[in-house]
Amino acid sequence: MDYLKLTLSPAELLLRGTLMFWFLFLVLRFVLRRDMGSAGISDILFIVLLGDAAQNGMIGQGQSVADSMSLIAVLVAWNYSLDFLGYRFRFFEWLTEPAPICLIRDGRLLRKNMRRQHLTDAEIRAKLRGEGIENVADVRRMYLESDGSFSTLRRRHQPRA
């Protein structure tokens with residue numbers, strides 16, 4: 001039954017799990033903008049490789065199933081805690097949910113924001129077509145939301161006199 005015996009101290013597992021959780025959280029929060037629903041192959045590969053690279057930093061010389069289970073419990077606890085704190089406090093909401101980024105304002109593409117998010121004209125126009133909008137000039141605002149989705153507000157057209 002050695003696989004159920006801890007080979008690392010619970011304090012070391014807690015510290016390692018906490019350090020790696022926060023490091024990975026900050027990397028993912030500020031490097032990847034779009035969530036998994038809109039992640040490309042390179043985003044998914046990055047996350048898988050990141051997890052594999054972080055494994056040794058988290059578990060060290062841990063050998064047992066109990067070590068891994070304890071570490072997973074630490075990561076789950078931090079994830080739950082951030083969700084709870086983000087719901088209750090504005091600072092944690094800011095930390096966990098990036099603000100929407102405006103991509104179109106008053107019918108004009110905001111190229112600086114598009115470049116920062118690596119979005120092309122073709123991708124923006126495809127999203128607009130999905131909303132039934134043919135012309136960028138018909139858009140009052142378009143945002144890249146914190147969950148990776150796009151939201152579009154149409155311009156109100158003035159009746160011709």
Side-chain angles (χ1 to χ4, degrees), residues 1-105 109-128 130-131 141-153:
M1 288 290 233
D2 283 342
Y3 56 87
L4 291 179
K5 179 181 168 192
L6 287 174
T7 61
L8 296 174
S9 75
E12 184 176 349
L13 284 170
L14 178 67
L15 179 63
R16 285 175 176 271
T18 296
L19 291 172
M20 292 307 296
F21 176 87
W22 280 102
F23 174 73
L24 293 173
F25 174 83
L26 292 172
V27 166
L28 294 174
R29 163 65 170 84
F30 293 106
V31 173
L32 288 182
R33 172 67 177 192
R34 301 178 228 187
D35 85 356
M36 292 306 291
S38 62
I41 293 240
S42 62
D43 296 329
I44 294 168
L45 180 61
F46 174 74
I47 289 171
V48 168
L49 292 175
L50 199 59
D52 190 45
Q55 177 184 3
N56 290 338
M58 286 190 288
I59 203 72
Q61 297 300 314
Q63 301 293 321
S64 73
V65 173
D67 291 335
S68 296
M69 291 170 61
S70 299
L71 183 59
I72 290 168
V74 168
L75 299 177
V76 168
W78 272 114
N79 193 49
Y80 178 82
S81 297
L82 279 181
D83 286 345
F84 175 78
L85 292 169
Y87 173 74
R88 302 276 298 175
F89 302 102
R90 187 179 282 304
F91 171 77
F92 286 99
E93 181 182 17
W94 170 84
L95 183 65
T96 60
E97 293 294 324
I101 295 174
C102 190
L103 301 170
I104 299 175
R105 179 181 295 126
L109 294 167
L110 301 179
R111 302 224 178 260
K112 180 180 175 185
N113 291 348
M114 290 170 57
R115 260 191 314 276
R116 201 176 305 143
Q117 298 305 315
H118 306 289
L119 293 168
T120 65
D121 285 16
E123 289 173 304
I124 297 292
R125 292 180 195 287
K127 294 294 182 184
L128 292 177
E131 295 286 324
R141 297 278 192 280
M142 179 184 200
Y143 295 96
L144 174 60
E145 300 293 344
S146 64
D147 66 355
S149 66
F150 293 83
S151 60
T152 306
L153 304 170

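- Rounded to the nearest 0.5 angstrom, Leu110 CG and Leu119 CG are separated by 12.0 Å.
- Taking all atoms of both residues into account, the shortest heavy-atom contact from Arg141 to Cys102 is CD-SG, 3.8 Å.
- Ring planes of Trp22 and Phe25: perpendicular class, angle over 60° (limits at 30 and 60°).
- Across every non-hydrogen atom of Ser146 and Pro98, the tightest pair is CB-O, 2.9 Å.
- Without hydrogens or angle criteria, Glu131 side chain to Leu128 main chain gives no donor-acceptor distance under 3.5 Å.
- When every heavy atom of Phe92 is checked against every heavy atom of Leu82, the shortest pair comes out as CD2-CD2, 4.1 Å.
- Residue Ile104 holds its CD1 atom at 7.5 Å from CE of Met114, rounded to the nearest 0.5 Å.
- Note: Glu123 CD to Phe150 CZ = 7.0 Å, rounded to the nearest 0.5 Å.
- Between Leu6 and Leu13 the shortest side-chain heavy-atom distance falls below 4.5 Å.
- Side-chain contact check for Met142 versus Leu109: every heavy-atom pair is 4.5 Å or farther apart.
- How far CZ of Arg16 is from CG of Leu8: 6.5 Å, rounded to the nearest 0.5 Å.
- In this structure, OG in Ser151 is found 8.5 Å from CG in Leu144, a value given to the nearest 0.5 Å.
- In this structure, Gln117 and Ile101 have side chains that are in contact, with non-hydrogen atoms separated by less than 4.5 Å.
- Expressed to the nearest 0.5 Å, how far OH of Tyr80 lies from CG of Leu85 amounts to 10.0 Å.
- The nearest pair of heavy atoms linking Thr18 to Val74 is N-CG1, 3.9 Å.
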